[in-house]
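Structure, as structure tokens:
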There are 2 protein chains.
Amino acid sequence: MSRQNLKQAGLKVTQPRMKILKLLEATDKRHVTAEDVYKMLLNKKEDIGLATVYRVLTQFEAAGLVVRHHFEGGQAVFELANDDHHDHMVCLKTGKIVEFYDDIIEKRQKEIAKEHGFEITDHVLVLYGNFTDKK
Amino acid sequence: MSRQNLKQAGLKVTQPRMKILKLLEATDKRHVTAEDVYKMLLNKKEDIGLATVYRVLTQFEAAGLVVRHHFEGGQAVFELANDDHHDHMVCLKTGKIVEFYDDIIEKRQKEIAKEHGFEITDHVLVLYGNFTDKK
DNA sequence: ATGTATGCAAAACATTTGCACCTGG
DNA sequence: CCAGGTGCAAATGTTTTGCATACAT
């Protein structure tokens, strides 16, 4: 439950933090910008400043509750962190984002890093393009 | 030769464009920010505005002469485009960037895209971490 | 000549920060 | 009560733009 997540993260359970976390859990958009969150809160008549949204999301990121991505286009997008790692496919036309995970790629990355005496702390794999199928 | 590249790209051969292109070809740093370019030009007593550097780099990108990357940390970095695609390994401590290419990963990306009815126009794979070896 | 490029300063963005006030435990 | 959190406005850092001037063809 949200309240627990915040406490575990060592964050005081305040209204803004609770509201933002719940919103992230409730929304059907897995990937949102700080501005998105801010506007969604405005629509709900919640009175939270944009600066606070940024601060809270940054704290959530530090706590591992959310992941911040820098896809194309200035704004960073945040997604609720779920246990498993995954990469992204971003449609340049519609903005649609699909997540995927591939063991072969993950394994090769580790091998390649080792070959270069490199220790991976994180990685980003994003495919940009567009969906061609019916739907 | 630089002059040709510009003409082929449909860009008028002006001093700023020539100087920036030559600088990119001459420097040993493959990855530079707009600010880097601007400062390098200042050091050479070339009088080119930062705005022009941005404009020119953006045109070069559109022309396929350079590639723009958004690694961690606000600024975009540009690299001279050479025929072959490659991915990057970025050291979070030193900023060192190593390029690599792996057929297995490239192939899997295409397969995965196909599985999702997705047409890749571009992709980004960056490993963040740090080099552990001697050097 | 003449349409395009440039330089400068100002604007535009996304994000961060300073500070007085509010709030959770 | 009191450290920490919040809102607002102002600051920041990067990139873009408007406009008068300069340049390439």
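Residue numbers begin at 1 in each chain, while the letters A, B, ... track the order of the sequences.
When rounded to the nearest whole Å, the span between NE2 of B:H70 and C1' of D:dG13 equals 14 Å. Spacing between atom CG of A:L57 and atom P of D:dT6 amounts to 12 Å, rounded to whole angstrom units. Following rounding to the nearest Å, B:E72 (CD) and D:dT14 (P) show an atom-to-atom distance of 15 Å. We find that CZ of A:F78 is positioned 11 Å from C1' of C:dA14, with the value rounded to whole Å. Remark: P of D:dG4 and NZ of A:K7 are 17 Å apart, rounded to the nearest angstrom. Taking atom CZ on B:F71 and atom P on D:dT14, their separation rounds to 17 Å, with Å as the unit. Rounded to a whole Å, the CZ atom of A:R17 is 14 Å from the C1' atom of C:dC22. Here the P atom of nucleotide C:dA5 and the NZ atom of B:K19 are 17 Å apart, to the nearest Å.
Relative ring orientation between B:H116 and A:F100 is described as tilted, the plane-to-plane angle lying within the 30° to 60° band.
Under a 4.0 Å N-O distance rule, the pair A:K114/A:E111 does not qualify as a salt bridge. B:R68 has no carboxylate O lying under 4.0 Å from a charged side-chain N of B:E79, or vice versa, which leaves the two without a salt bridge. With respect to B:E99 and B:R30, a salt bridge is recorded, a charged nitrogen being found less than 4.0 Å from a carboxylate O.
The listed nucleotides are D:dT6, C:dT16, C:dT6; the one nearest the side chain of B:V56 is C:dT6. Side-chain proximity of B:A51 to the nucleotides C:dA14, C:dG24, D:dT16 is greatest for D:dT16. Here D:dT6 is the nucleotide among D:dT25, D:dT14, D:dT6 with the atom lying nearest to any side-chain atom of A:T52. Here the nucleotide nearest the side chain of A:L50, chosen from D:dT15, C:dT15, C:dT6, is C:dT15.
A:R55 comes within 4.0 angstrom of a base, heavy atoms only. Within 4.0 Å (heavy atoms only), B:E35 reaches no atom of the nucleic acid at all. Residue contacts shown for A:A34 are absent, as no nucleic acid heavy atom lies under 4.0 Å away.
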| CA sep, side-chain torsions, deciding dist, call: B:L125, B:L127, side-chain contact (heavy atoms from CB on, under 4.5 Å) | CA-CA 7 Å; B:L125 170 56; B:L127 307 183; 4.2 Å; yes

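Position along DNA chain D of the nearest nucleotide to A:L11 versus B:Y54 favours A:L11 as the more 5'-ward residue. Mapping B:Y38 and B:K12 onto DNA chain C by nearest heavy atom places B:K12 closer to the 5' end of the strand. Residue order along DNA chain D, read from the 5' end via each residue's closest nucleotide, puts A:P16 first among B:R68 and A:P16.
Using a 4.0 Å cut-off, no side-chain N or O of B:T14 falls inside it from OP1 or OP2 of D:dC23.
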